[in-house]
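Scroll down for the structure; my scribbles are underneath it.
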Amino acid sequence: MLEALKRKVYEANMELPRRNLVTYTWGNVSGIDRERGLFVIKPSGVEYDELRPEDLVVMDLDGNKVEGDMNPSSDTRTHLVLYREFPQIGGIVHTHSPYAVAWAQAGRDIPCYGTTHADYFYGSVPCARNLTPEEIEADYETNTGRIIVETFRSRGIDPRYVPAVVCRNHGPFTWGCDPAQAVYHSVVLEEVAKMSMFTELINPQASPAPDCIRNKHFLRKHGPNAYYGQAKK
């Protein structure tokens, strides 16, 4: 079932250690088939050098396992909420990459200090609030997804324009049109998190990039009149 999607999700998962985004089993990638209402996700606690495409787990959008011999990732219910609430996305990544986690542990948004950030994220990458003890006890993973959605809706952020979040005292989630793009955004997020940290070390009073720079760099790649790159044939 969903063999082509399994291969894409497997390849996306294997990109995480190649990009130095995960240590041991600290990460997962999923991808969704919107027409069938099913998504594929990495199994829980499996080492990357042991992972095979056939190990991936197929889930439905009600949280039921449809196919797979292993338990799905412990973050599955977070992915489930994001797929339900952000219908434009086709792949999700969660890692504990150190620079992005540092901003999460500091409880801070990642500011847009320059054009590298602005090329991919339209403004600061938000930091979602901590869960309450009651939310943790009731359903930690589901409520992690809910506070991400809450953060974007309360701030009026379009998840297509800021395809990333850091969850306070936890770490980053990114997404994209498919699993490969979600991983790409994880790589970029880690780099801009590092750049922002160094920016503040060099100048603790640094100001975010002016809106005109942010707008120019984001919209020339993602706006209605985007002109970056080559025309698609």
Side-chain angles (χ1 to χ4, degrees), residues 9 13 16 21-22 24-32 34 37-46 56-66 68 70-98 100-110 121 123-176 179 182-183 185-186 189-190 193:
V9 172
N13 270 285
L16 297 183
L21 291 177
V22 297
Y24 297 124
T25 63
W26 304 354
N28 48 73
V29 183
S30 69
I32 191 168
R34 289 286 181 184
L38 300 173
F39 66 98
V40 173
I41 194 164
K42 180 182 178 289
S44 179
V46 175
L56 298 175
V57 182
V58 180
M59 304 290 297
D60 67 21
L61 290 174
D62 292 319
N64 301 307
K65 183 164 71 171
V66 175
M70 297 186 180
N71 294 327
S73 166
S74 58
D75 297 302
T76 294
R77 290 196 297 277
T78 304
H79 290 236
L80 175 60
V81 171
L82 296 180
Y83 282 131
R84 283 176 171 173
E85 299 296 330
F86 295 163
Q88 311 94 333
I89 67 177
I92 298 169
V93 176
H94 174 52
T95 73
H96 288 254
S97 57
V101 166
W103 288 90
Q105 292 181 169
R108 287 188 56 192
D109 295 359
I110 304 175
F121 306 114
S124 298
V125 173
C127 181
R129 66 172 175 85
N130 267 328
L131 277 71
T132 66
E134 293 76 18
E135 288 169 329
I136 292 171
E137 182 65 25
D139 191 336
Y140 175 63
E141 290 81 12
T142 295
N143 286 326
T144 296
R146 287 173 177 163
I147 66 164
I148 294 171
V149 174
E150 169 195 291
T151 298
F152 277 71
R153 291 185 175 162
S154 65
R155 300 198 198 185
I157 303 172
D158 189 327
R160 296 171 299 176
Y161 293 167
V162 183
V165 68
V166 291
C167 293
R168 187 162 189 175
N169 299 124
H170 186 179
F173 286 83
T174 63
W175 46 85
V183 171
H185 289 152
S186 283
L189 178 66
E190 182 68 355

Sub-4.5 Å side-chain heavy-atom contact between [X] and [Y]:
X: Leu189; Y: Ile110; value: yes
X: Thr76; Y: Met59; value: yes
X: Val93; Y: His185; value: no
X: Pro172; Y: Ser97; value: yes
X: Ile147; Y: Arg168; value: no
X: Asp75; Y: Ile41; value: no
X: Gln105; Y: His170; value: no
X: Trp103; Y: Cys127; value: no

How many angstroms lie between [atom1] in [X] and [atom2] in [Y], if you round to the nearest 0.5 Å?
X: Thr151; Y: Ile157; atom1: OG1; atom2: CD1; answer: 7.5 Å
X: Thr25; Y: Leu16; atom1: OG1; atom2: CG; answer: 12.0 Å
X: Thr132; Y: Glu137; atom1: OG1; atom2: CD; answer: 10.5 Å
X: Ser73; Y: Leu56; atom1: OG; atom2: CG; answer: 11.5 Å
X: Thr95; Y: Asn28; atom1: OG1; atom2: CG; answer: 9.0 Å
X: Arg155; Y: Glu150; atom1: CZ; atom2: CD; answer: 10.0 Å

Looking at [X] and [Y], would you say the former's side chain and the latter's main chain have a donor-acceptor pair under 3.5 Å?
X: Arg77; Y: Asn143; value: no
X: Arg146; Y: Val81; value: no
X: Thr174; Y: Ala182; value: yes
X: Asp60; Y: Asp62; value: yes

For the residue pair [X] and [Y], what are the closest heavy atoms and their distance?
X: Ala193; Y: Ala100; answer: CB-N, 3.7 Å
X: Val101; Y: Gly171; answer: CG2-CA, 4.0 Å
X: Val57; Y: Met70; answer: CG2-O, 3.5 Å
X: Ser30; Y: Tyr83; answer: OG-OH, 2.7 Å
X: Leu82; Y: Ile89; answer: O-CD1, 3.8 Å
X: Pro179; Y: Val29; answer: CB-CG1, 4.0 Å

Starting from the C-alpha separation in whole Å, work towards a yes-or-no answer on side-chain contact (heavy atoms from CB on, under 4.5 Å) for His94 and Thr78. CA-CA 10 Å; His94 174 52; Thr78 304; over 6 Å; no
In terms of side-chain geometry, is the basic nitrogen of Arg153 or Glu85 positioned less than 4.0 Å from the acidic oxygen of its partner?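 Glu85 and Arg153: salt-bridged.
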Dump the intermediate steps for side-chain contact (heavy atoms from CB on, under 4.5 Å) on Phe86 and Arg160, then the final yes or no. CA-CA 9 Å; Phe86 295 163; Arg160 296 171 299 176; over 6 Å; no
Would you check if the distance from the ring center of Phe39 to the ring center of Trp175 is below 6.0 Å?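 Ring-ring flag for Phe39/Trp175: false, centres at least 6.0 Å apart.
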Please determine whether side-chain hydrogen bond (donor to acceptor under 3.5 Å, both in side chains) holds for the pair Ser124 and Asp109, giving the CA-CA distance in whole Å, both sets of side-chain angles, and the decisive distance to 0.1 Å. CA-CA 6 Å; Ser124 298; Asp109 295 359; 4.9 Å; no
